[in-house]
There are 2 protein chains.
Amino acid sequence: MAESRSRRKRGSLSAEEIVAAALSLLDREGESALTFARLGQELSASPTAVYRHFASRADLVVGLADHLDELSLDDYEPSDDWRADLVDLAWRAWRTAVNHPAAAAEAMGVITNGIHELRAVDAVLRALHQAGLRGREAVVHYQVYTNLVLGSAQSHAMHLARVVDGAADDAWVQIYTPRDPSQYPYAEAVKAELRLVDPEEVFGRQLDILLSAITAGVAAAPAGA
Amino acid sequence: MAESRSRRKRGSLSAEEIVAAALSLLDREGESALTFARLGQELSASPTAVYRHFASRADLVVGLADHLDELSLDDYEPSDDWRADLVDLAWRAWRTAVNHPAAAAEAMGVITNGIHELRAVDAVLRALHQAGLRGREAVVHYQVYTNLVLGSAQSHAMHLARVVDGAADDAWVQIYTPRDPSQYPYAEAVKAELRLVDPEEVFGRQLDILLSAITAGVAAAPAGA
DNA sequence: ACCTGAACACCGTTCAAGT
DNA sequence: ACCTGAACACCGTTCAAGT
């Protein structure tokens, strides 16, 4: 078999190409595909060549996270409507998680210190500033918003990625078949409906609750405390 | 060296003992300590003995998650105040994450189908029922509440666990030193404060926002839609 | 931030054999 | 849901040597 690889030209490999290969690998084959061996195949290079561009696997994941940040912010322009901006930014993160579940499961929530992350941080803080939040209030709500958006998007991505990669998804079937169902009447009463909740609807609700609280909070306590 | 282990008596190992060993291992040595080799040492048994009680490493993590559920719910009693109950349950999860960061980082957010998880599901649904929520509304808010509590607690646990295990924590120092700070004025303006936000305060805020929304929503739209 | 191949320590899992 | 030891396939990482 033609297993001997043609040698890569000097300087022909780049961090960008490696990250792109990692992303398409994860998209096609799921979470467990991101190994040095598979990356080497994908790049037609030695697995160890990656170490010339990333210090470790963890460092590569940071590079991947930065790329996901870039994809999420592509063509983003702030408007005059802070609430619309925060809704827009939130769904951008969500869509990235849906489009690249395995990559998002691995990389979303990683702090990159990259330029695109900084752009996102600034965009969120700008919106909160326009909402009237200042100083400590702005910072705390920045954290609340970020926790909500990144946490929800990553956890959704993990769920989607596990379906591709691993075991069955009918988890709820078993949990609601305890020995004595009458001991858990509230769980029993809604067990059918629990399986039908749309994660997207939950995310939208969660976002709406937070943005309404910001609106109300600013209106109610403009002088602080 | 006295490296030869005395043989374990037949039936002397149990799933409970293994989970307890895994937990104390994670508590003492951090996330990377949960391996079959270290578990074997801890139990004075062959690493492979664990396979008599758990089908795989993933299955062991489910057992660990179930144990964390049990620890979280220890001595829990519902009251007549649904809001106080939801606050209580939320902080129980948070405290488990703080007390066992490495274990919570690994196991929290895993669906166990276990009895203690079912108890928690029922307790949350009971509180939402007492808040006046029914059917679809109850189920959606159950998901919103669970996403918030489990997501926040696990992400906090991950943060705490990484400090023990891995690299430095001064991530923010670098991100806010871009080439041209004036391009990111909002981030620049609050960079000092961003590092000082207490995760516990953020969690409390987030919880308060959700519970207030439930109260307001029930008061505003008791007839639905 | 050059690329490769061999080697190392480690990790989850399997399985025949022991008690 | 018995326990052990040897073995297997795999994975991240290092490093001397090649271009």
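A note on names: the letters A, B, ... follow the listed sequences, proteins ahead of strands, and every chain is numbered from 1. Here the structure is a predicted model, which is why all the values come from computation and not from measurement. The figures here come from the full heavy-atom set of this structure, side chains too, leaving out hydrogens, waters and symmetry mates.
Looking at heavy atoms from C-beta onward, P47(A) lies out of side-chain contact with L39(A) at the 4.5 angstrom threshold. Residues L26(B) and L64(B) have side chains in contact (heavy-atom distance under 4.5 Å, counting atoms from C-beta outward). Counting heavy atoms from C-beta outward, L148(B) and N147(A) have side chains that stay 4.5 Å or more apart. At a threshold of 4.5 Å between non-hydrogen side-chain atoms, the residues L13(A) and R52(A) do not count as touching.
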Any chance you could list the contact pattern along nucleotides 10-19 of chain C? Use B for base contacts, S for sugar-phosphate-only contacts and - for none, protein heavy atoms under 4.0 Å, 5' to 3'.
-> -SSBB---BB
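Whole-Å rounding puts the R8(A) CZ to dC2(C) P distance at 15 Å. The nearest whole Å value for the distance from the CG atom in L43(B) to the P atom in dC3(D) is 11 Å. Atom CG in L60(A) sits about 16 Å away from atom P in dA1(C), given to the nearest Å.
A residue-by-residue look at A49(A) and F54(A) shows that F54(A) has its nearest nucleotide of DNA chain C further toward the 5' end.
No side-chain donor-acceptor contact under 3.5 Å links E106(A) to the backbone of A102(A).
W91(A) and F203(A) have perpendicular rings, their planes meeting at more than 60° on a 0 to 90° scale where under 30° would count as parallel. Aromatic ring orientation, H156(A) versus H159(A): parallel (interplanar angle below 30°, classes split at 30° and 60°).
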Dot-bracket, DNA chain D: Watson-Crick or G-U, under 3.5 angstrom, [ ] crossing, | other strand?
-> .|.|||||...|||||.|.
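Spacing between dA1(C) and dA16(D) at atom P, rounded to whole Å, works out to 23 Å.
Between D59(A) and F54(A), the shortest heavy-atom contact is OD2-CA, 3.6 Å.
Look at H53(B) and you'll find a side-chain N or O under 4.0 angstrom from OP1 or OP2 of dC3(D).
In the set dA1(C), dT4(C), dC3(D), the nucleotide with an atom closest to the side chain of S46(A) is dT4(C).
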